[in-house]
Number of protein chains: 2
Amino acid sequence: MSSPHTPADTTTEASSLRMATFRLARRLRSQRAVDTMSDGQFAVLAALNVHGAHTLGELADRERVTAPSMNRTVNCLEESGYLTRTPDETDRRKVNIALTDEGRAVVAETVRRRDSWLEQALAELSPQQRDLLRQAADLMREVAAR
Amino acid sequence: MSSPHTPADTTTEASSLRMATFRLARRLRSQRAVDTMSDGQFAVLAALNVHGAHTLGELADRERVTAPSMNRTVNCLEESGYLTRTPDETDRRKVNIALTDEGRAVVAETVRRRDSWLEQALAELSPQQRDLLRQAADLMREVAAR
DNA sequence: TATTGTTATACTCTATAACTATA
DNA sequence: TATAGTTATAGAGTATAACAATA
C-alpha cells in the first residue's frame, strides 16, 4: 500500500506503459487544436500517403471503423479536394481512393505542425534519452501490430 | 524522395514517436471493447482513484473537457453508483465528487482487464526490451507533463 | 448468392448558450 | 457582479440496418 490518496496498484509494467501511452497521446492530440481536421480524417490521409491507394473497405479495416463511417469521412475529404474516387478497372464494385496533390500537401503541413511541439520537447532530453525513445517507438509499433 | 508510394518524410524522430504512440493507444483502446464503460468515464474514475476527490470544474480541467460535458459524464457515473456528489461545506456553490467503494472496485477490475492484453504482449519481448519500455514510459510521462 | 459501396437513421460524446444558486 | 454547477440544444462521429450495383 502507498499513500492514503493513491490506493490503486498502478505500478505494474503494463499499467505504467498503458498510462504513459494514453497520457502522451492525449497531450499530442490536444496540441493539434490549431488545425481543423479531425484525427480520423487525418489518419485516412496519412494512410493513403504512406501506403498508397486503398479501396473503401481497406481503409475501413485499417482504421477499424465500419464502412459507412469511413464513407462519411471519405466524402468529407473528397469535398475538400484532398482525395479522389476512381472506379476499379477490373472489379467495378470497388472504388480506388487516392490522394490529390493538395491532399499530399495538407498531410505534409499537418505533420509538420503536429510534430513541432514534440520536437521541442524531445530537444530538452539527452541524446541517450532520445535514442531510448527511438528504440521504444519501434517496440511500441511491434506490440501494437500484435 | 523515397519509393513512389511513400512520398512523405515521416521518418523524423518526433513523427516516429507520435505515430507509435497513437497506434499503441488505439490498439489498447480497441482491446477494452469487452467492458461497457467509455474511455472518458473510466478516465474520471481513475483520476478520482489516484488523486482523490475533485469538484466538477477540477475534473473538467483535468480531462480537458467543458463543464457541461463533464457534468453529463458524472451524472452517468453517479447513476451507476460509482461516485457521489456532496455539496462543499465552505463554498456551497461547489460540489465534491468522490468514488464509492463500488467505484474503486470497478477501477481495479477495469485496469486488470485492460492490462491483461498488454501484459501478454510484453511477455513476448526480451527482458532488455521490457526494461527499455519501462524507461520509455517514464520519459513519455515526463514529455507529456511539459 | 456473395461482395462492395452507399444511404437512412439513431445513438454517444462534445460543445456553446442560457439559466440557477451562491459568494 | 462573478463564479460553480446545471440544463437546453446542436454538431461531429460512429454504429446498425437496408439498399444498389457488380461479381
Side-chain angles (χ1 to χ4, degrees), chain A residues 22 25-27 29-48 53-80 82-98 110, chain B residues 22 25-48 53-80 82-98:
Chain A
F22 279 141
R26 154 179 294 170
R27 190 74 178 86
R29 209 174 296 120
S30 78
Q31 201 54 31
R32 70 102 179 86
V34 279
D35 43 83
T36 57
M37 192 176 299
S38 74
D39 287 328
Q41 290 176 1
F42 176 68
V44 168
L45 295 189
L48 292 172
H54 290 67
T55 65
L56 187 79
E58 286 167 352
L59 279 177
D61 286 347
R62 176 179 291 281
E63 299 304 318
R64 297 185 195 248
V65 296
T66 59
S69 291
M70 183 53 70
N71 193 53
R72 171 179 285 213
T73 301
V74 167
N75 283 341
C76 183
L77 292 169
E78 188 182 26
E79 281 171 24
S80 301
Y82 296 148
L83 53 78
T84 57
R85 278 183 167 97
T86 317
D88 189 279
E89 287 301 317
T90 62
D91 183 346
R92 298 188 62 80
R93 294 173 303 182
K94 294 186 177 178
V95 176
N96 291 123
I97 295 162
T110 303
Chain B
F22 280 140
R26 152 178 295 171
R27 190 75 180 83
L28 286 167
R29 210 174 296 123
S30 79
Q31 202 53 32
R32 69 103 179 85
V34 280
D35 44 82
T36 57
M37 192 176 300
S38 73
D39 286 328
Q41 290 175 1
F42 176 69
V44 168
L45 295 188
L48 292 171
H54 291 67
T55 65
L56 186 80
E58 287 167 352
L59 280 177
D61 287 347
R62 176 179 291 280
E63 299 303 319
R64 297 185 196 247
V65 296
T66 58
S69 290
M70 183 53 69
N71 192 53
R72 167 177 284 213
T73 301
V74 167
N75 282 342
C76 184
L77 292 169
E78 188 181 26
E79 280 170 25
S80 301
Y82 297 147
L83 53 79
T84 56
R85 278 186 169 95
T86 319
D88 189 279
E89 286 301 317
T90 61
D91 182 347
R92 298 186 63 78
R93 293 173 304 182
K94 294 186 177 179
V95 176
N96 291 124
I97 296 163

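All chains are named by letter (A, B, ...) in the order of the sequence lines, taking the proteins before the strands, and each is independently numbered beginning at 1.
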* Structure fact -> Tightest non-hydrogen contact, residues Ala25(A) and Ala25(B), listed as CB-CB, 3.9 Å
* Asked: Met37(B) and Leu45(B): side-chain contact (heavy atoms from CB on, under 4.5 Å), yes or no, with the steps?
  -> CA-CA 10 Å; Met37(B) 192 176 300; Leu45(B) 295 188; 3.8 Å; yes
* Asked: So, do Asn96(A) and Thr55(A) sit near enough that their side-chain heavy atoms are less than 4.5 Å apart?
  -> yes
* Please round to the nearest 0.5 Å and tell me the distance separating atom NE2 of His54(A) and atom CG of Asp61(A). => 10.0 Å
* Asked: Does any residue of residues 58-71 of chain B have a heavy atom under 4.0 Å from DNA chain C, and if so, which ones, in number order?
  -> Val65(B), Thr66(B), Pro68(B), Ser69(B)
* To do: Round to a whole Å and report the spacing from NZ of Lys94(A) to C1' of dT6(C).
  => 17 Å
* Asked: Hey, is CZ on Arg85(A) packed in by over 12 heavy atoms from elsewhere, all under 6.0 Å?
  -> yes
* To do: Using whole Å, report how far CG of Leu77(A) lies from P of dA12(D).
  => 14 Å
* How many Å lie between CG on Leu56(A) and P on dA21(D), as a whole number? -> 17 Å
* To do: Tell me which residues in residues 82-89 of chain B put a heavy atom below 4.0 Å from DNA chain D, sorted by number, or none.
  => Arg85(B)
* Structure fact -> Between the OG atom in Ser80(A) and the CD atom in Gln41(A), the distance rounded to the nearest 0.5 Å is 7.0 Å
* Structure fact -> Phe42(A) atom CZ is separated from dA12(D) atom C1', nearest whole Å, by 19 Å
* Asked: Within a strict 4.5 Å, meaning less than it, do heavy atoms of the Val44(A) and Met70(A) side chains meet?
  -> yes
* Starting from the 5' end of DNA chain C, give me the residue, Arg72(A) or Asp91(A), whose nearest nucleotide shows up first. => Asp91(A)
* Atom CG of Asp39(A) to atom C1' of dA12(D): distance rounded to whole Å? -> 13 Å
* To do: Figure out the CD/P separation between Gln41(A) and dA12(D), and round it to whole Å.
  => 10 Å
* Structure fact -> In whole angstroms, the gap separating P of dG13(D) from CG of Asn75(A) amounts to 13 Å
* To do: To the nearest 0.5 angstrom, please state how far the CZ atom of Phe22(B) sits from the CG atom of Asp39(A).
  => 6.0 Å
* Side-chain N or O of Ser38(B) closer than 4.0 Å to phosphate OP1/OP2 of dC13(C) -> yes
* **Between C1' of dG5(D) and CD1 of Ile97(B), the distance in whole Å** => 9 Å
* Report yes if some heavy atom in the side chain of Val95(A) is under 4.5 Å from a heavy atom in the side chain of Leu56(A); otherwise report no. => no
* Does the dT3(C) base have a donor-acceptor partner in the side chain of Arg93(A) within less than 3.5 Å? -> yes
